[in-house]
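Remarks on the structure that follows.
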Amino acid sequence: MRAAPEAEARRRRTRYPVTLAVAIGCYELAAITGMFFLTNHVGTVVQVLLWIVHGVVLILLIEKLGATESALSAALFITIVSAMCVHVIGMARDDLTVQHRGERVSATVVKEWLDPPQGRKGQLSHYRLEHQDGTRVPGPDMQTTSDLYDVGQVLTVIEDPEGELGPRTPGQADPTAELLGAGALALAALVAVGWTAWRGSDTAGRRDARKAATSEHKVRAEQEEKLREALRTCPPDRHGYIKLRSEDYPALSQQQAARIAWETGLRAEAWGNQGSWRFKETVVEEVPLD
C-alpha cells in the first residue's frame, strides 16, 4: 500500500523540474527577445541593470530546481550568453537593415587607419569612402577586423541612404553567420537550463534516497526493539509457543525475526505458522538464520 504513494510522489518530483525547466527556458527566450527590442531605446546603464535583475531572477528560479550549489555559476553563464546573443542578433539586424533599404554603389577608399593598440585586443581597420563624384558615402566609416583595403582602391559597397549605419561590402552584409551564432548562443543558454534541471533532480533524488534509507533504518530498528520486547514479555500458548502476528512487523522478514529470537535463546518455527510467527526454545523445524 505504501509503494503507490511513494511512486506517485516520485512522479510528481520528476514532473515538477521538467515543467519548471520549460518555464525557465521560455522566460529566457522572452528575456533575450525583450532585451533585443530595448537595446536601441534604453541606455547602457539601464541595460546593465536589467541584465543584473535577470540574473537574480535566474538564480531564484534555478534554486527551485534544486541545484542550489551551482545556481550562481549557472545563472551567470546563462546571463552572459544571453547578452552575447542579443549583441549578435543586433549585428544581424543591422546587416538585414542595410540589405533591405541599402543601395549598391561604387566607392573609393580615401583614408584608412587602425585603432590604437590596447593590449591583446584586436585592432579594427577604418576606411573613409567617397562616391565617384567626390561626395562622402553617408553614415559612419566602414570597419573591418583586418587590413583588407588600401587608399585609392575602388569597392562595391551597400550604403544606407539614411546614414544611420555604415557602408558594408556585400559579403559583410550577409547576416547568415550572425544568425547562426545567435542561435548557437540561445541554444547554449537553454542547454544550461536543462543541465541545471538535471543536476537539481539528481541532487534531489540522492537526498530523497538518503532520507528513505534513514527512515527505513529507523523503522526497522524500532520494530526490532518491539520484537525483542514481545519475546521477553508475551506469554506462551498451551503448546509453549510465543505466537506473534507477522503483520505487526512489516519491516522485518521471518529470517530477521529468527535471528533476533536466537539472540534471546529462542528458535523460530518454520512449520505450521499459518501467517504468524511462532517461537520456542525447541521447535519442529527451525527457520534458517542464513
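Since this is a predicted model, take the numbers as computed values, not measurements. We number each residue from 1, following the sequence as shown.
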Electrostatic pair R232-E229, nearest N-O below 4.0 angstrom = yes

Donor-acceptor contact present, side-chain K280 to main-chain P236, <3.5 Å = no

message = Please determine whether the number of non-hydrogen atoms from other residues, nucleotides or ligands lying under 6.0 Å from atom NE2 of H87 exceeds 12.
response = no

task = For residues L244 and L231, determine if any side-chain heavy atom of one lies less than 4.5 Å from a side-chain heavy atom of the other.
result = yes

L20 CG to Y27 OH distance, which is reported to the nearest 0.5 Å = 12.5 Å

request  = Give the cluster check for V86 versus V46: same hydrophobic cluster or not, with ILVMFWY residues linked at side-chain heavy-atom distances below 4.5 Å.
outcome  = yes

remark   = dist Q254:CD -> R259:CZ (nearest 0.5 Å) comes out at 14.0 Å

ask   = What is the distance from atom OG1 of T176 to atom CD of E178, rounded to the nearest 0.5 Å?
value = 8.0 Å

key: Residues Q99, L96; criterion side chain to side chain contact (heavy atoms under 4.5 Å, CB included); working and verdict   = CA-CA 5 Å; Q99 281 191 346; L96 289 170; 4.3 Å; yes

request  = To the nearest 0.5 Å, tell me how far Q256 CD sits from L289 CG.
outcome  = 11.5 Å

request  = Would you confirm whether Y127, through its side chain, and Y149, through its main-chain N or O, come within 3.5 Å as a donor-acceptor pair?
outcome  = yes

query = Which atoms form the tightest heavy-atom contact between A107 and V157, and what is the distance?
reply = CB-CG2, 4.1 Å

L61-L72 co-clustered via ILVMFWY side chain contacts under 4.5 Å = no

message = Counting only heavy atoms from other residues, nucleotides and ligands, does the tally under 6.0 Å from CH2 of W51 exceed 12?
response = yes

request  = Check V151 against E112 and note the closest heavy-atom contact, atom names and distance.
outcome  = N-OE2, 3.8 Å

task = To the nearest 0.5 Å, tell me how far E286 CD sits from L266 CG.
result = 10.5 Å

ask   = Counting only N and O atoms by type, is there a donor-acceptor contact under 3.5 Å from the side chain of Q47 to the main-chain atoms of V42?
value = yes

ask   = How far apart are the closest heavy atoms of A261 and F279, and which atoms are they?
value = CB-CD2, 3.5 Å

inquiry  = For residues I158 and V154: do they belong to one hydrophobic cluster (side chain heavy atoms under 4.5 Å, members Ile, Leu, Val, Met, Phe, Trp, Tyr)?
reply    = no

task = Give a yes or no on whether the backbone of W271 and the side-chain of E285 come within a donor-acceptor separation of less than 3.5 Å.
result = no

request  = Could you tell me whether R136 atom CZ has more than 12 heavy atoms of other residues or ligands within 6.0 Å of it?
outcome  = yes

message = Are the side chains of M142 and T169 in contact, using a 4.5 Å heavy-atom criterion?
response = yes

key: Evaluation steps, side chain to side chain contact (heavy atoms under 4.5 Å, CB included), between I89 and T39   = CA-CA 11 Å; I89 294 176; T39 299; over 6 Å; no

inquiry  = When you compare the side chain of R168 with that of D94, does any pair of heavy atoms fall below 4.5 Å?
reply    = yes

query = Considering only heavy atoms from C-beta outward, does the side chain of E164 approach that of R101 to under 4.5 Å?
reply = yes

task = Kindly indicate whether the side chain of W277, heavy atoms from C-beta on, has any atom under 4.5 Å from the side chain of L252.
result = yes

inquiry  = Count I, L, V, M, F, W, Y as connected when their side-chain heavy atoms are under 4.5 Å apart, and connections chain through other members. Are I62 and V81 then in the same cluster?
reply    = yes

remark   = Smallest heavy-atom separation, I59 atom then A75 atom, equals CG1-CB, 3.4 Å

ask   = Do the non-hydrogen side-chain atoms of E103 and P161 ever get within less than 4.5 Å of each other?
value = yes

Closest non-hydrogen atom pair, G163 against P140 = O-CD, 3.9 Å

query = Can you tell if the side chain of I24 reaches within under 4.5 Å of the side chain of L58, non-hydrogen atoms only?
reply = yes

request  = Take L190 and L29, measure what side chain to side chain contact (heavy atoms under 4.5 Å, CB included) needs, and give me the verdict at the end.
outcome  = CA-CA 8 Å; L190 296 179; L29 293 177; 4.2 Å; yes

inquiry  = Minimum heavy-atom separation for L129 and V110, please, with both atom names.
reply    = N-CG2, 4.4 Å

ask   = If you measure from OG on S106 to CD on E159, what distance do you get to the nearest 0.5 Å?
value = 10.5 Å

note = With H126 as partner, the option from T144, D141, D115 fulfilling side-chain hydrogen bond (donor to acceptor under 3.5 Å, both in side chains) is D115

message = With clusters defined by side-chain heavy atoms of hydrophobic residues (ILVMFWY) lying less than 4.5 Å apart, directly or transitively, does V53 cluster with L76?
response = yes

task = Flag the pair Q132 / T108 as yes when at least one side-chain heavy-atom distance between them is below 4.5 Å, and no otherwise.
result = yes

